[in-house]
Amino acid sequence: MTSTKTPTTQSRIQRTGDAIVRFILRSPLHPLLSKRLLIITVSGRKTGREYANPVGYAEHEGHLLIGTAANWRHNLIPGVPVRILLRGTHIQATHEVITDEPRAATLYREILTQNPTHGRFAKIHLAPDGTVNLPSLRAALSRGSAIVRLCPLRL
């Protein structure tokens, strides 16, 4: 018995929304979105197909931080830079995937402070004292969330 996967309405809406965001980020209108969003392009490990993913980011100590549970991060190859489109400029960046709780707590604080919307999607919250709520972080990490830390090779 073979099964065919049909895209759900939500995944079709997501793909359509991503296409619109990619279009804007690649256009002269990019300043509307590029203060919080960039495009990261990764190649599929098996297919070699390129995937351009619009993602939210935060800046921290010269790095770009992306909180994600999406599968594209599994295509990152250690030591192989990725291409990003940051504020209208194509650049390469090295990357590191962070999943350990202590480092993730520190970096997620930066992400959630700069981009609170991400917290709603990731279900990670800040505690009243401004630190990351550790139970919500643990739950997100157990669901596959991680931080991709990018180091642009030139800005």
Side-chain angles (χ1 to χ4, degrees), residues 14-15 17-46 48-155:
Q14 179 72 41
R15 282 196 314 270
D18 285 352
I20 292 167
V21 170
R22 278 192 299 271
F23 175 80
I24 293 170
L25 288 172
R26 290 175 174 151
S27 79
L29 298 173
H30 74 83
L32 295 172
L33 301 177
S34 62
K35 289 180 183 171
R36 293 191 185 223
L37 298 172
L38 60 80
I39 297 174
I40 184 168
T41 303
V42 298
S43 295
R45 287 176 298 177
K46 295 178 184 175
R49 180 179 169 204
E50 287 195 338
Y51 298 93
N53 303 288
V55 294
Y57 71 94
E59 296 183 68
H60 177 65
E61 297 179 352
H63 295 94
L64 304 171
L65 305 175
I66 301 167
T68 186
N71 288 330
W72 61 261
R73 71 179 174 90
H74 298 293
N75 290 320
L76 297 172
I77 300 169
V80 178
V82 294
R83 291 191 339 257
I84 60 174
L85 178 60
L86 177 66
R87 295 187 289 271
T89 303
H90 292 276
I91 58 177
Q92 289 195 336
T94 60
H95 53 82
E96 174 186 15
V97 178
I98 299 165
T99 57
D100 64 283
E101 185 179 312
R103 290 179 67 204
T106 300
L107 298 176
Y108 252 114
R109 181 174 188 258
E110 294 297 325
I111 292 169
L112 298 176
T113 300
Q114 294 180 41
N115 191 354
T117 302
H118 176 75
R120 288 196 301 270
F121 290 109
K123 298 180 182 162
I124 301 172
H125 317 294
L126 290 176
D129 66 356
T131 60
V132 172
N133 175 285
L134 291 179
S136 69
L137 176 63
R138 279 187 205 112
L141 292 174
S142 72
R143 289 189 304 270
S145 287
I147 295 172
V148 176
R149 186 173 79 159
L150 300 174
C151 180
L153 295 175
R154 69 169 186 80
L155 275 180

> Check H60 against L107 and note the closest heavy-atom contact, atom names and distance.
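Here H60 and L107 meet closest at CD2-CD2, 3.7 Å.
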> I'd like to know if the side chain of Q114 and the backbone of E59 have a donor-acceptor N/O pair within less than 3.5 Å.
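Here the side-chain-to-backbone pair exists.
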> Any donor and acceptor pair, going by atom type alone, linking the side chain of R103 with main-chain N or O of I98 inside 3.5 Å?
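No: the side chain of R103 does not pair with the backbone of I98.
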> Might you point out which heavy atoms bring T99 and A146 nearest each other, and give the distance in Å?
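Answer, listing the atom of T99 first, then A146: CG2-CB, 3.6 Å.
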> Compare every heavy atom of L150 with every heavy atom of A93, then report the nearest pair and how far apart it is.
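What the structure gives for the nearest pair is CB-CB, 4.1 Å.
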> Are R83 and H90 close enough that some pair of their side-chain heavy atoms sits under 4.5 Å apart?
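Of all side-chain heavy-atom pairs linking H90 with R83, none is under 4.5 Å.
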> Work out which heavy atom in G88 is nearest to a heavy atom in L85; give both atom names and the distance.
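Closest approach of G88 to L85, heavy atoms only: C-CD1, 3.6 Å.
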> Is there a side chain to side chain contact (heavy atoms under 4.5 Å, CB included) between L153 and T94? Walk through the geometry before answering.
CA-CA 7 Å; L153 295 175; T94 60; 3.8 Å; yes
> For V97 versus V148, what's the shortest heavy-atom pair and its separation?
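That would be CG2-CG2, 4.3 Å.
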> Is a side-chain N or O of R22 found less than 3.5 angstrom from the main chain of P54, in a donor-acceptor match?
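Answer holds: no.
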> Could you measure the distance from the CD1 atom of I124 to the CG atom of L134? Nearest 0.5 Å is fine.
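It is 10.5 Å, given to the nearest 0.5 Å.
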> When rounded to the nearest 0.5 angstrom, what is the spacing between CD1 in I39 and CG in L25?
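Reported value, rounded in 0.5 Å steps: 4.5 Å.
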> Would you mind reporting whether L126 and V132 have side-chain heavy atoms less than 4.5 Å apart?
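In contact.
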> Quick one: CG on L37 to NZ on K35, what's the gap to the nearest 0.5 Å?
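L37 atom CG to K35 atom NZ measures 12.5 Å (nearest 0.5 Å).
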> Which pairs, with at least one residue in residues 99-129 and sequence neighbours excluded, count as a ring pair (Phe, Tyr, Trp, His ring centres under 6.0 Å)?
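Counting only pairs at least two positions apart or across chains, the ring pair (Phe, Tyr, Trp, His ring centres under 6.0 Å) contacts touching residues 99-129 are Y108-H118.
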> Give every donor-acceptor pair under 3.5 Å between a side-chain atom in residues 73-82 and any protein atom, sequence neighbours left out.
unit_1 : atom_1 : unit_2 : atom_2 : d
R73    : NH2    : G144   : O      : 2.7
N75    : OD1    : R45    : N      : 3.2
N75    : OD1    : R45    : NE     : 3.4

> May I have the list of side-chain donor-acceptor pairs in residues 62-72 shorter than 3.5 Å, sequence neighbours left out?
unit_1 : atom_1 : unit_2 : atom_2 : d
H63    : ND1    : E61    : O      : 3.1
T68    : OG1    : A70    : N      : 2.9

> Can you tell me how far the CD1 atom of I84 sits from the CD atom of Q92, to the nearest 0.5 Å?
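Reported value, rounded in 0.5 Å steps: 9.5 Å.
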> Enter the distance from T106:OG1 to I111:CD1 here, rounded to the nearest 0.5 Å.
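These two atoms lie 11.0 Å from each other.
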> I need the minimum non-hydrogen distance between G130 and R109, along with the two atoms involved.
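Taking G130 first and R109 second, the nearest heavy atoms are O-NE, 2.7 Å.
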> Do I40 and Y57 come within less than 4.5 Å of each other through their side chains, counting heavy atoms only?
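I40 vs Y57: side chains apart.
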